[in-house]
Amino acid sequence: NGHHASSRGALIVLEGLDRSGKTLQSSRLLSYLEGERIPVELWRFPDRSTCVGQMISSYLSNKSELDDQTIHLLFSANRWEKRSLMETKLRSGTTLIVDRYSYSGVAFSSAKGLNIEWCKAPEMGLLAPDLVVYLDIPPEKAAARGGYGGERYEQLEFQRKVAQYYQILHDATWKSVDACLPIEDIEKRLRELAMDCVTTCHKGKPLSQLWL
Ligand code: NYM
């Protein structure tokens, strides 16, 4: 019917430091929403499957060197190259769970010393998330979880700086969840937040753009 034809999906982003549990929680949330018969897909950035994504992947695994500005713009380009597909999916009613987005882009590059406004500029005009869940973990606790894979940025001192920039980016669409709670508690909270968000978007909340 008319109502369903016009209802759009929600753009739900998970953010947090490395080892905060984003990847586990996003796949659990995916299964849950699928079980609720909600059209949904799980995306992640960087999307390493594209040409730009392969350059990013090679940089992260220390197989190539790029200056800070260049890699920043590649991360951004990697979101831009998915923007139109993202909009099509959302407008056709598919909810997207996205593991990292522009906030990672700005927090990680600012932590290297780049100017934060400069970092935000290329993100302007990307689709704004309807909900950002920040999995909040003290950098020391994240490091203690082990399994930093040896990629660039996976060091305690650097993650401390990233955490500071995430705090600066905190806005009205953010919900912080304590990432040190038991996995099931985090999962439950995420389900509630996601369902509320999906409902609001179905009811006709307009899509908007980031940082304009
Ligand atoms: N990262 C991720 C950035 O520096 N900028 C970005 O725009 C994005 C999306 O890439 N340490 C960093 C954060 C991570 C690394 O992410 C790879 P993952 O989720 O480990 O694949």
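Note that ligands are numbered from 1 as they come in the structure, with each ligand's atoms numbered from 1 the same way.
- Protein residues lining ligand 1, listed by chain and number: Asp18, Arg44, Phe45, Pro46, Arg48, Leu60, Phe75, Arg79, Arg100, Ser104, Gly105, Phe108, Tyr153 [non-hydrogen atoms, distance under 4.0 Å].
- Annotation: ring-ring contact (aromatic ring centres under 6.0 Å, His included) contacts of Tyr153 (sequence neighbours excluded): Phe108, Phe158.
- Classification of Glu187 and Arg191 as a salt-bridged pair holds, one side-chain N sitting under 4.0 Å from a carboxylate O.
- Aromatic rings from Trp211 and Tyr103 are positioned such that their centres are separated by under 6.0 Å.
- Not one N or O on the side chain of Trp118 forms a donor-acceptor pair closer than 3.5 Å with the backbone of Gln69.
- More than 12 heavy-atom neighbours from other residues, nucleotides or ligands sit within 6.0 angstrom of CE on Met86.
- With hydrogens and angles ignored, the 3.5 Å screen pairs no side-chain donor or acceptor of Thr95 with any backbone N or O of Val40.
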